[in-house]
Amino acid sequence: MKRFSTLFLVSLLSGTMTLGAYKLLFENSDSFFSDKKSGVTVASDSFTKTVGLAAEAVDFTEAANETIHTVVHVKNVTRRTVSNPMLEYFYGYGGQQQQEQVGTGSGVIISEDGYIVTNNHVIKDASEIEITLNNNKSYKAKLIGTDSKMDIALLKIDAKDKLPYTTFANSDNVKVGEWVLAVGNPYNLTSTVTAGIVSAKARSIGGNGIQSFIQTDAAVNPGNSGGALVNTRGELIGINTMISSPTGSYTGYSFAVPSNNARKIIEDIMEYGNVQRGILGVQGGELNSNASKELGINQTEGFYINSVSAKSGAERAGLKKGDIIIKLDEQKVNTFADLSGYINTKRPDDVVQVTYLRDGKTKLSAVTLSKNEFYSAEFKGIQLENITDSDKKKFRLNYGVKIKSITNDNLAQYAEELIGNIILSVDNAKATDVETVSKLLNNKDENQSIRIEMINKNGEVLRIII
């Protein structure tokens, strides 16, 4: 009887503890909160860690079921007028013909009233955009805004019913090795779910290091672009954007724009109508063994400042050439992609706490970010600045950097002809903006000649070597 009483008491205590834990963990916690200002829903930071379980112990079904209803099929119809000179010459008609081209991709519903995020390249040059939901209902979509630099676009559909939507997670809290799901429409196979792990963070694919991707081994193929990368709770951590492949199909790695970057772009478009991009105002490069050896320093991680832009937040905060940035706020900086990826989540006038090394000592400065339009850089006595909207309209361009002034003695005699010209490429690399050009030029040796293609004030294309 005594033994029975003991077992009964143990069972009673165990049941009480289990019920208490359930009440504490589930009934008294808010799993999500809504950001009323931006119109997107963000997951609580208390739910951003994934328990390290074996693959067979992780249940993907709930996350998959939640996500497939928020991922849509995007059809891009492009109509172009093409000429047929042979028909025109022989028959006097048929010179102009309408040609229709159809492309497909994916998108993610981010609000119940029909806002959808996708990749810019999915809807680029679209004459018509059609969205098909997981329940097979189709709608015409309106393009709200795009950011070609980050390959993000915002669409809107008008549906009578409230739509299921995804919740944004904090992508800074994503861990390498964490399980993730990719959801999209590869090869027009709707509602396709694949699983993998986060292979790397802050991955830069292009030579300019502007992008900062989440890399995963979840299978992604053509048609997945613009789809969702979610954690095991179904929260959005990225927008699937590209694959690394010699064949055009998935061969092992795919890349997603982090949700923090995508969310910031969406909020900017909603609030301002365009993307507000802030900059530190520093130029330089990431460190490694070879770079550190050439610079004569021991530090092999971080961002080495080679120059500081005049009147920038970095200059006002006291940063200078030779400083090594190792942290922005609480985010560690090992590479240029780490730095640019974090700064791209900020706006002009935001304040960032910059931790850096100077003469072997750790220092901290608060830097107020400058507006990107005022960003300028100098190389070999040529002062550069981003082109304005009026420049783009005048020269019918959507990219380029303008020569602001000439301080190079060898080019002084040509200053009048060069100032105001717009640089289109540097050593055949597209001169997207001053930030990109600065990265290209800082990788060049001072004694190395550089080929520059530009358009002058009369619209004539010039090529020079400096």
Pair T241-N119, side-chain donor/acceptor within less than 3.5 Å: yes
Please collect all salt bridge (Lys or Arg N to Asp or Glu O under 4.0 Å) contacts where either partner lies in residues 454-466, sequence neighbours excluded, each pair once. E453-R463
Within the distance-only criterion (no hydrogens, no angle test), does the side chain of S171 pair as donor or acceptor with the backbone N or O of N260 below 3.5 angstrom? yes
To the nearest 0.5 Å, what is the distance between CG (L280) and OG (S340)? 10.5 Å
Taking side chain to side chain contact (heavy atoms under 4.5 Å, CB included) as the definition, give me every residue that meets it alongside K321, ordered by chain and number, with sequence neighbours left out. N306
For the residue pair T67 and V193, establish whether any side-chain heavy-atom pair is separated by less than 4.5 Å. no
Is the count of non-hydrogen atoms from other residues, nucleotides or ligands lying under 6.0 Å from Y253 atom OH greater than 12? no
Let's go through V180 and I214 carefully: what are the C-alpha distance in whole Å and the side-chain angles of both, what is the deciding distance for side-chain contact (heavy atoms from CB on, under 4.5 Å) to 0.1 Å, and is it a yes or a no? CA-CA 11 Å; V180 291; I214 295 173; over 6 Å; no
Residues in side chain to side chain contact (heavy atoms under 4.5 Å, CB included) contact with A314, at least two apart in sequence or another chain: V282, V308, S312, L319
Would you name the heavy atoms of I406 and A412 that are closest together and state the gap between them? CG2-N, 4.2 Å
Side chain D329, main chain Q331, donor-acceptor under 3.5 Å: no
Taking the side chain as every heavy atom from C-beta outward, state whether I197 and T216 have any atom pair closer than 4.5 Å. no
Given D338, V333, N334, L328, the one that forms side-chain contact (heavy atoms from CB on, under 4.5 Å) with F303: V333
Close side-chain approach of D151 and I239, heavy atoms under 4.5 Å: no
Is it the case that the side chain of S292 and the backbone of S289 share a donor-acceptor pair, with hydrogens and angles ignored and the cut-off at 3.5 Å? no
Restricting to non-hydrogen atoms, name the atom on Y165 and the atom on I110 that form the minimum distance, rounded to 0.1 Å. CB-C, 3.7 Å
Heavy-atom pair of closest approach, residues E301 and I324: O-CG2, 3.9 Å
Write down the atom of A218, the atom of S254, and the distance for their closest heavy-atom approach. O-OG, 3.1 Å
What pairs of donor and acceptor atoms, side-chain ones from residues 347-356 against any protein atom, are under 3.5 angstrom apart with sequence neighbours left out?
from : atom 1 : to   : atom 2 : distance (Å)
R347 : NE     : D268 : OD1    : 2.4
R347 : NH2    : E267 : OE1    : 3.3
R347 : NH2    : D268 : OD1    : 3.0
D350 : OD2    : R347 : N      : 2.8
Y356 : OH     : S365 : OG     : 3.1

Full working for side-chain contact (heavy atoms from CB on, under 4.5 Å) between N224 and T194: CA-CA 11 Å; N224 270 112; T194 55; 5.8 Å; no
More than 12 heavy atoms of other residues, nucleotides or ligands under 6.0 Å from NZ of K392: is that the case? yes
Between I269 and T146, the two heavy atoms sitting closest are CD1-N, 3.9 Å
Could you tell me the separation between the CG atom of D172 and the OG atom of S259, rounded to the nearest 0.5 Å? 8.0 Å
Please enumerate all residues that pass side chain to side chain contact (heavy atoms under 4.5 Å, CB included) together with N428, with sequence neighbours excluded. R451
Could you please spell out the steps behind the side-chain contact (heavy atoms from CB on, under 4.5 Å) verdict for E178 and N231? CA-CA 8 Å; E178 180 178 340; N231 57 28; 3.5 Å; yes
Under 4.5 Å between any side-chain heavy atoms of L397 and L424, yes or no? yes
Any non-hydrogen side-chain atom of M270 less than 4.5 Å from a side-chain atom of Y115? yes
Which atom names give the shortest non-hydrogen contact between G184 and S106, and what distance separates them? CA-OG, 3.5 Å
What distance separates T118 OG1 from L143 CG, expressed to the nearest 0.5 Å? 10.5 Å
Just by modelled atom types, is the T61 backbone N or O under 3.5 Å from a matching donor or acceptor in the N65 side chain? no
Counting C-beta onward and ignoring hydrogens, is there a side-chain heavy-atom pair between K264 and V275 closer than 4.5 Å? yes
Any non-hydrogen side-chain atom of H73 less than 4.5 Å from a side-chain atom of T104? yes
Is the backbone N or O of G341 less than 3.5 Å from a side-chain atom of N261, with the two atoms forming a donor-acceptor pair by type? yes
Could you tell me whether a side-chain N or O of S370 sits under 3.5 Å from a main-chain N or O of G313, the two making a donor and an acceptor? yes
Between Q283 and S309, is any side-chain donor less than 3.5 angstrom from a side-chain acceptor? yes
When you compare the side chain of Q299 with that of I326, does any pair of heavy atoms fall below 4.5 Å? yes
Apply salt bridge (charged side-chain N to carboxylate O under 4.0 Å, His left out) to R358 and list each qualifying residue two or more places apart in sequence or on a separate chain. D323
Any side-chain to backbone donor/acceptor pair from D359 onto K361? Under 3.5 Å, distance only. no
Candidate pair L181 and T232, rule side-chain contact (heavy atoms from CB on, under 4.5 Å), full reasoning: CA-CA 7 Å; L181 298 178; T232 53; over 6 Å; no
Heavy-atom neighbours of Y187 OH exceed 12 at 6.0 Å: yes
Donor-acceptor under 3.5 Å (N456 side chain, G459 main chain): yes
Quick check against the 3.5 Å criterion: does E66 have a side-chain atom that pairs as donor or acceptor with the backbone of E62? no
Polar side-chain atom of N240 near backbone of A228 as donor-acceptor pair, under 3.5 Å: yes
